[in-house]
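Here the structure is laid out as C-alpha coordinates; the discussion comes afterwards.
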Amino acid sequence: MKENASQTPAIELINVSRRFVSPTGKSLTALRDFNMVVEPGEFVAVVGPTGCGKSTTLNLVTGLARPSAGEVRLMGGPVNGIDPRVGFVFQTDALFPWRNVIDNVMAGPLFRGKSHAEATRSARDWLARVGLSRFEQHYPHQLSGGMRKRVSLAQTFINEPEILLMDEPFSALDVQTRTVMHEELLRLWAERKASVIFVTHDLEEAVALADKVYVLTAGPATVKSVYPINLPRPRVVADIRYEPRFIEYCRTIWEDLRDEVEMSYRRASQAA
(Lines give C-alpha, C1' and ligand atoms only; values in the text may rest on other atoms or scores of the structure.)
Protein backbone atom coordinates (compact mmCIF):
# COMPACT_ATOMS: atom_id res chain seq x y z
CA MET A 1 0.00 0.00 0.00
CA LYS A 2 1.32 3.45 -0.89
CA GLU A 3 1.56 5.98 1.89
CA ASN A 4 -0.14 9.35 1.44
CA ALA A 5 1.56 12.20 3.26
CA SER A 6 -1.70 14.14 3.43
CA GLN A 7 -3.43 11.42 5.45
CA THR A 8 -3.51 11.34 9.20
CA PRO A 9 -1.91 8.07 10.34
CA ALA A 10 -4.29 5.51 11.79
CA ILE A 11 -1.82 4.61 14.55
CA GLU A 12 1.22 6.46 15.86
CA LEU A 13 3.59 5.55 18.67
CA ILE A 14 5.92 8.48 19.24
CA ASN A 15 9.07 8.00 21.34
CA VAL A 16 7.17 5.61 23.59
CA SER A 17 8.67 3.91 26.63
CA ARG A 18 6.85 1.48 28.89
CA ARG A 19 8.17 0.51 32.31
CA PHE A 20 6.57 -1.67 34.95
CA VAL A 21 7.40 -3.21 38.31
CA SER A 22 7.98 -6.96 38.43
CA PRO A 23 6.49 -9.18 41.18
CA THR A 24 9.90 -9.01 42.91
CA GLY A 25 9.75 -5.21 42.97
CA LYS A 26 12.31 -4.69 40.23
CA SER A 27 11.70 -1.96 37.63
CA LEU A 28 11.68 -3.39 34.10
CA THR A 29 11.55 -1.59 30.75
CA ALA A 30 9.51 -3.32 28.03
CA LEU A 31 9.70 -0.60 25.35
CA ARG A 32 12.20 2.22 24.93
CA ASP A 33 12.11 5.15 22.47
CA PHE A 34 9.65 3.19 20.35
CA ASN A 35 8.28 4.74 17.13
CA MET A 36 5.73 3.26 14.75
CA VAL A 37 3.38 4.63 12.10
CA VAL A 38 0.49 2.69 10.54
CA GLU A 39 -1.30 4.41 7.68
CA PRO A 40 -5.06 4.07 7.06
CA GLY A 41 -5.77 0.66 5.55
CA GLU A 42 -2.18 -0.52 5.95
CA PHE A 43 -1.27 -4.03 7.11
CA VAL A 44 1.78 -3.94 9.40
CA ALA A 45 3.43 -7.04 10.85
CA VAL A 46 5.70 -6.95 13.91
CA VAL A 47 8.42 -9.55 14.51
CA GLY A 48 11.00 -9.83 17.26
CA PRO A 49 12.46 -12.19 19.86
CA THR A 50 10.28 -13.82 22.48
CA GLY A 51 9.48 -11.44 25.33
CA CYS A 52 10.69 -8.32 23.53
CA GLY A 53 7.51 -6.29 24.04
CA LYS A 54 5.42 -7.05 20.95
CA SER A 55 2.23 -7.67 22.93
CA THR A 56 2.94 -4.64 25.11
CA THR A 57 2.80 -2.55 21.94
CA LEU A 58 -0.72 -3.80 21.24
CA ASN A 59 -1.83 -3.13 24.81
CA LEU A 60 -0.73 0.50 24.45
CA VAL A 61 -2.78 0.89 21.27
CA THR A 62 -5.88 -0.61 22.89
CA GLY A 63 -5.59 1.64 25.93
CA LEU A 64 -5.22 -1.35 28.27
CA ALA A 65 -1.79 0.05 29.19
CA ARG A 66 -0.43 3.59 29.25
CA PRO A 67 3.04 4.67 28.15
CA SER A 68 5.52 5.70 30.82
CA ALA A 69 6.85 8.26 28.34
CA GLY A 70 5.96 9.35 24.83
CA GLU A 71 2.59 9.35 23.10
CA VAL A 72 0.20 6.91 21.44
CA ARG A 73 -2.31 8.34 18.94
CA LEU A 74 -5.24 6.84 17.02
CA MET A 75 -6.64 8.65 14.00
CA GLY A 76 -4.76 11.77 15.07
CA GLY A 77 -6.07 11.84 18.65
CA PRO A 78 -4.69 10.58 21.96
CA VAL A 79 -5.65 7.17 23.31
CA ASN A 80 -8.09 7.60 26.19
CA GLY A 81 -9.23 4.22 27.43
CA ILE A 82 -10.80 1.50 25.30
CA ASP A 83 -11.65 2.75 21.80
CA PRO A 84 -14.68 1.18 20.04
CA ARG A 85 -12.93 1.63 16.68
CA VAL A 86 -10.36 -1.00 17.69
CA GLY A 87 -10.85 -4.75 17.23
CA PHE A 88 -8.59 -7.36 18.85
CA VAL A 89 -7.99 -10.99 17.83
CA PHE A 90 -6.16 -12.88 20.56
CA GLN A 91 -3.78 -15.83 20.44
CA THR A 92 -6.36 -17.90 22.34
CA ASP A 93 -10.01 -17.92 21.30
CA ALA A 94 -12.03 -15.24 23.07
CA LEU A 95 -15.27 -17.18 22.70
CA PHE A 96 -17.89 -17.71 25.40
CA PRO A 97 -17.99 -21.51 25.84
CA TRP A 98 -21.58 -21.46 27.10
CA ARG A 99 -22.85 -19.64 24.00
CA ASN A 100 -23.37 -21.13 20.57
CA VAL A 101 -21.66 -19.72 17.48
CA ILE A 102 -24.27 -17.20 16.45
CA ASP A 103 -24.70 -15.89 20.00
CA ASN A 104 -20.92 -15.40 20.22
CA VAL A 105 -20.88 -13.39 17.00
CA MET A 106 -23.94 -11.37 18.04
CA ALA A 107 -22.45 -10.38 21.38
CA GLY A 108 -20.56 -7.35 20.07
CA PRO A 109 -23.44 -5.68 18.20
CA LEU A 110 -25.82 -6.28 21.11
CA PHE A 111 -23.32 -4.74 23.54
CA ARG A 112 -23.08 -1.72 21.22
CA GLY A 113 -26.82 -1.20 21.33
CA LYS A 114 -28.10 -2.86 18.15
CA SER A 115 -31.47 -4.60 18.23
CA HIS A 116 -31.63 -8.38 18.50
CA ALA A 117 -33.05 -8.66 14.99
CA GLU A 118 -30.34 -6.45 13.50
CA ALA A 119 -27.59 -8.29 15.39
CA THR A 120 -28.96 -11.64 14.20
CA ARG A 121 -29.05 -10.54 10.54
CA SER A 122 -25.52 -9.19 10.76
CA ALA A 123 -24.20 -12.30 12.54
CA ARG A 124 -25.71 -14.60 9.90
CA ASP A 125 -24.17 -12.48 7.17
CA TRP A 126 -20.72 -12.73 8.75
CA LEU A 127 -21.03 -16.45 9.42
CA ALA A 128 -21.82 -16.89 5.72
CA ARG A 129 -18.72 -14.85 4.84
CA VAL A 130 -16.48 -17.16 6.87
CA GLY A 131 -18.23 -20.32 5.69
CA LEU A 132 -19.92 -21.29 8.95
CA SER A 133 -23.63 -20.83 8.21
CA ARG A 134 -24.33 -24.50 8.94
CA PHE A 135 -22.68 -24.27 12.35
CA GLU A 136 -24.48 -21.34 13.95
CA GLN A 137 -26.07 -23.55 16.63
CA HIS A 138 -22.83 -25.37 17.49
CA TYR A 139 -20.84 -24.57 20.61
CA PRO A 140 -17.11 -23.75 20.59
CA HIS A 141 -16.08 -27.18 21.93
CA GLN A 142 -17.83 -28.78 18.93
CA LEU A 143 -15.64 -26.91 16.41
CA SER A 144 -12.14 -27.48 15.10
CA GLY A 145 -9.38 -24.97 15.89
CA GLY A 146 -9.65 -23.41 12.44
CA MET A 147 -13.42 -23.08 12.72
CA ARG A 148 -13.09 -21.38 16.10
CA LYS A 149 -10.66 -18.90 14.52
CA ARG A 150 -13.23 -18.20 11.80
CA VAL A 151 -15.79 -17.47 14.50
CA SER A 152 -13.25 -15.12 16.14
CA LEU A 153 -12.75 -13.28 12.85
CA ALA A 154 -16.51 -12.92 12.35
CA GLN A 155 -16.84 -11.84 15.99
CA THR A 156 -14.29 -9.08 15.36
CA PHE A 157 -15.18 -7.92 11.84
CA ILE A 158 -18.90 -7.69 12.62
CA ASN A 159 -18.10 -4.59 14.68
CA GLU A 160 -16.49 -2.97 11.60
CA PRO A 161 -13.22 -2.01 13.32
CA GLU A 162 -11.15 0.73 11.75
CA ILE A 163 -8.09 -0.65 13.54
CA LEU A 164 -7.43 -4.38 13.92
CA LEU A 165 -4.86 -5.72 16.38
CA MET A 166 -3.85 -9.36 16.13
CA ASP A 167 -1.60 -11.08 18.67
CA GLU A 168 -0.25 -14.32 17.15
CA PRO A 169 -3.80 -15.33 16.26
CA PHE A 170 -2.90 -18.44 14.23
CA SER A 171 0.11 -19.75 16.14
CA ALA A 172 -1.73 -22.75 17.60
CA LEU A 173 -3.01 -23.99 14.23
CA ASP A 174 -1.43 -26.63 12.02
CA VAL A 175 0.35 -25.42 8.88
CA GLN A 176 -2.46 -26.30 6.48
CA THR A 177 -5.18 -24.66 8.57
CA ARG A 178 -3.00 -21.61 9.12
CA THR A 179 -2.64 -21.11 5.37
CA VAL A 180 -6.41 -21.27 4.96
CA MET A 181 -6.82 -18.69 7.74
CA HIS A 182 -4.28 -16.39 6.06
CA GLU A 183 -6.38 -16.42 2.91
CA GLU A 184 -9.54 -15.79 4.94
CA LEU A 185 -7.97 -12.89 6.81
CA LEU A 186 -6.65 -11.22 3.65
CA ARG A 187 -10.03 -11.54 1.96
CA LEU A 188 -11.87 -9.94 4.89
CA TRP A 189 -9.21 -7.24 5.26
CA ALA A 190 -9.42 -6.39 1.54
CA GLU A 191 -13.17 -5.85 1.94
CA ARG A 192 -12.94 -3.65 5.04
CA LYS A 193 -9.43 -2.12 4.78
CA ALA A 194 -8.91 -1.82 8.51
CA SER A 195 -5.47 -0.68 9.64
CA VAL A 196 -3.76 -3.78 11.02
CA ILE A 197 -0.94 -4.50 13.47
CA PHE A 198 -0.22 -8.23 13.32
CA VAL A 199 2.22 -9.62 15.91
CA THR A 200 3.87 -12.90 15.00
CA HIS A 201 6.95 -15.06 15.60
CA ASP A 202 6.59 -16.50 12.09
CA LEU A 203 8.66 -14.43 9.66
CA GLU A 204 7.16 -16.09 6.58
CA GLU A 205 3.68 -15.29 7.89
CA ALA A 206 4.68 -11.65 8.36
CA VAL A 207 6.07 -11.29 4.84
CA ALA A 208 3.13 -13.11 3.23
CA LEU A 209 0.51 -10.88 4.86
CA ALA A 210 2.00 -7.44 5.42
CA ASP A 211 2.61 -4.19 3.55
CA LYS A 212 5.38 -3.43 6.02
CA VAL A 213 7.36 -5.50 8.55
CA TYR A 214 8.79 -3.98 11.74
CA VAL A 215 11.75 -5.78 13.31
CA LEU A 216 12.13 -5.17 17.06
CA THR A 217 15.27 -5.45 19.13
CA ALA A 218 15.70 -7.79 22.07
CA GLY A 219 14.04 -6.22 25.11
CA PRO A 220 13.71 -3.47 26.01
CA ALA A 221 12.24 -3.26 22.55
CA THR A 222 12.78 -0.49 20.09
CA VAL A 223 12.41 -0.52 16.32
CA LYS A 224 15.55 -1.90 14.68
CA SER A 225 14.38 -1.89 11.04
CA VAL A 226 11.31 -1.37 8.88
CA TYR A 227 10.89 -3.30 5.62
CA PRO A 228 8.27 -2.34 3.00
CA ILE A 229 6.99 -5.54 1.35
CA ASN A 230 6.46 -4.76 -2.32
CA LEU A 231 4.64 -7.92 -3.33
CA PRO A 232 1.52 -7.49 -5.49
CA ARG A 233 -1.97 -7.87 -4.10
CA PRO A 234 -4.19 -9.81 -3.98
CA ARG A 235 -1.80 -12.43 -2.63
CA VAL A 236 -2.32 -16.18 -2.63
CA VAL A 237 -0.42 -17.20 0.48
CA ALA A 238 -0.16 -20.85 -0.54
CA ASP A 239 1.68 -19.85 -3.73
CA ILE A 240 3.58 -16.70 -2.81
CA ARG A 241 6.05 -18.59 -0.59
CA TYR A 242 7.73 -20.02 -3.69
CA GLU A 243 8.33 -16.70 -5.41
CA PRO A 244 11.97 -15.51 -5.51
CA ARG A 245 11.13 -12.05 -4.15
CA PHE A 246 9.32 -13.57 -1.18
CA ILE A 247 12.28 -15.81 -0.40
CA GLU A 248 14.66 -12.86 -0.67
CA TYR A 249 12.56 -10.76 1.72
CA CYS A 250 12.57 -13.60 4.25
CA ARG A 251 16.32 -14.10 3.93
CA THR A 252 17.11 -10.39 4.30
CA ILE A 253 14.82 -9.82 7.29
CA TRP A 254 16.01 -12.99 9.01
CA GLU A 255 19.63 -11.80 8.77
CA ASP A 256 18.51 -8.69 10.64
CA LEU A 257 16.32 -10.52 13.14
CA ARG A 258 18.72 -13.37 13.91
CA ASP A 259 21.10 -11.20 15.95
CA GLU A 260 18.24 -10.11 18.19
CA VAL A 261 16.96 -13.66 18.64
CA GLU A 262 20.46 -14.87 19.57
CA MET A 263 20.92 -11.99 22.02
CA SER A 264 17.57 -12.76 23.66
CA TYR A 265 18.55 -16.44 23.96
CA ARG A 266 21.90 -15.57 25.55
CA ARG A 267 20.23 -13.30 28.09
CA ALA A 268 17.72 -15.99 29.01
CA SER A 269 20.51 -18.55 29.43
CA GLN A 270 22.49 -16.23 31.67
CA ALA A 271 19.43 -15.47 33.80
CA ALA A 272 18.81 -19.18 34.25
Side-chain angles (χ1 to χ4, degrees), residues 1 10 40-43 45 62 83-200 205 208-211 232-240:
M1 175 173 177
E42 188 174 40
F43 198 123
T62 62
D83 193 312
R85 297 172 296 181
V86 177
F88 205 128
V89 180
F90 298 91
Q91 183 174 2
T92 55
D93 301 319
L95 303 179
F96 300 114
W98 61 89
R99 291 184 175 182
N100 61 24
V101 165
I102 192 166
D103 285 344
N104 265 288
V105 178
M106 289 170 57
L110 290 174
F111 180 77
R112 293 165 185 246
K114 291 190 176 182
S115 69
H116 192 277
E118 187 178 4
T120 301
R121 284 194 301 270
S122 186
R124 284 184 171 146
D125 174 60
W126 276 102
L127 287 174
R129 288 169 185 252
V130 298
L132 291 176
S133 293
R134 295 191 298 110
F135 297 90
E136 67 176 47
Q137 298 303 320
H138 285 60
Y139 287 83
H141 73 274
Q142 297 173 313
L143 305 177
S144 68
M147 292 168 76
R148 288 195 299 272
K149 284 299 178 186
R150 291 187 185 193
V151 177
S152 294
L153 290 179
Q155 190 182 49
T156 301
F157 275 96
I158 195 173
N159 295 316
E160 299 182 345
E162 296 177 52
I163 293 170
L164 181 60
L165 308 177
M166 309 189 78
D167 191 0
E168 299 189 65
F170 308 136
S171 61
L173 301 177
D174 62 77
V175 173
Q176 293 86 354
T177 304
R178 190 183 306 180
T179 299
V180 171
M181 294 310 305
H182 290 159
E183 305 287 359
E184 196 71 45
L185 171 61
L186 288 179
R187 182 179 65 80
L188 296 176
W189 170 74
E191 290 178 7
R192 294 293 172 178
K193 279 298 182 182
S195 304
V196 179
I197 300 179
F198 187 102
V199 166
T200 178
E205 180 176 61
L209 296 176
D211 297 311
R233 295 191 186 276
R235 298 177 190 169
V236 179
V237 175
D239 298 335
I240 200 172

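By the side-chain hydrogen bond (donor to acceptor under 3.5 Å, both in side chains) test, Ser171 pairs with Gln91, sequence neighbours left out. For Asp174, there are no salt bridge (charged side-chain N to carboxylate O under 4.0 Å, His left out) partners, not counting sequence neighbours. Thr179 pairs by the side-chain hydrogen bond (donor to acceptor under 3.5 Å, both in side chains) definition with nothing, not counting sequence neighbours. Residues passing the side chain to side chain contact (heavy atoms under 4.5 Å, CB included) test with Thr120 are Ile102, Met106, His116, Arg124, sequence neighbours excluded. Among residues two or more places apart in sequence or in another chain, the ring-ring contact (aromatic ring centres under 6.0 Å, His included) test is passed with Tyr139 by none. Under the salt bridge (charged side-chain N to carboxylate O under 4.0 Å, His left out) criterion, Arg85 pairs with Asp83, sequence neighbours left out. Annotation: side chain to side chain contact (heavy atoms under 4.5 Å, CB included) contacts of Phe111 (sequence neighbours excluded): none.
Judged as a salt bridge (charged side-chain N to carboxylate O under 4.0 Å, His left out), not a single pair has a partner in residues 109-121 (not counting sequence neighbours). Within the structure, salt bridge (charged side-chain N to carboxylate O under 4.0 Å, His left out) pairs that include any residue of residues 142-169 comprise Asp93-Arg148, Asp93-Lys149, Glu160-Arg192 (at least two apart or interchain). For residues 157-185, the set of pairs meeting the ring-ring contact (aromatic ring centres under 6.0 Å, His included) definition, not counting sequence neighbours, comprises Trp126-Phe157, Phe170-His182. Each salt bridge (charged side-chain N to carboxylate O under 4.0 Å, His left out) pair with one or both residues in residues 177-189, not counting sequence neighbours, appears once here: Arg178-Asp202, Glu184-Arg187, Arg187-Glu191.
Closest approach of Ala154 to Val130, counting heavy atoms only: CB-CG2, 4.2 Å.
Aromatic ring orientation, Phe96 versus Trp98: tilted (interplanar angle from 30° to 60°).
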Stepwise side chain to side chain contact (heavy atoms under 4.5 Å, CB included) check, Met166 with Leu185 | CA-CA 11 Å; Met166 309 189 78; Leu185 171 61; 3.8 Å; yes
Might you work through the side chain to side chain contact (heavy atoms under 4.5 Å, CB included) test for Val101 and Gln142, ending with a clear yes or no?
-> CA-CA 10 Å; Val101 165; Gln142 297 173 313; over 6 Å; no
Test side chain to side chain contact (heavy atoms under 4.5 Å, CB included) on Leu132 and His138 and set out the steps.
-> CA-CA 10 Å; Leu132 291 176; His138 285 60; over 6 Å; no
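Residues Thr156 and Pro161 are in side-chain contact: their nearest non-hydrogen atoms beyond the backbone lie under 4.5 Å apart. Contact annotation: the side chain of Leu153 never approaches that of Arg129 to less than 4.5 Å [non-hydrogen atoms, C-beta and beyond]. Inter-residue side-chain proximity for Leu173 and Val180 is flagged as unmet; no heavy-atom pair is nearer than 4.5 Å. Side-chain contact check for Phe198 versus Glu205: some heavy-atom pair is nearer than 4.5 Å.
Once rounded to the nearest 0.5 Å, the distance linking CG of Leu164 with CH2 of Trp189 reads 11.0 Å. Within the model, atoms CD1 of Ile163 and CZ of Phe88 stand 12.5 Å from one another, a figure rounded to the nearest 0.5 Å. Within the model, atoms CG of Asp125 and CD1 of Ile158 stand 8.0 Å from one another, a figure rounded to the nearest 0.5 Å.
With Arg235 contributing its side chain and Ala208 its backbone, the two residues share a donor-acceptor pair below 3.5 Å.
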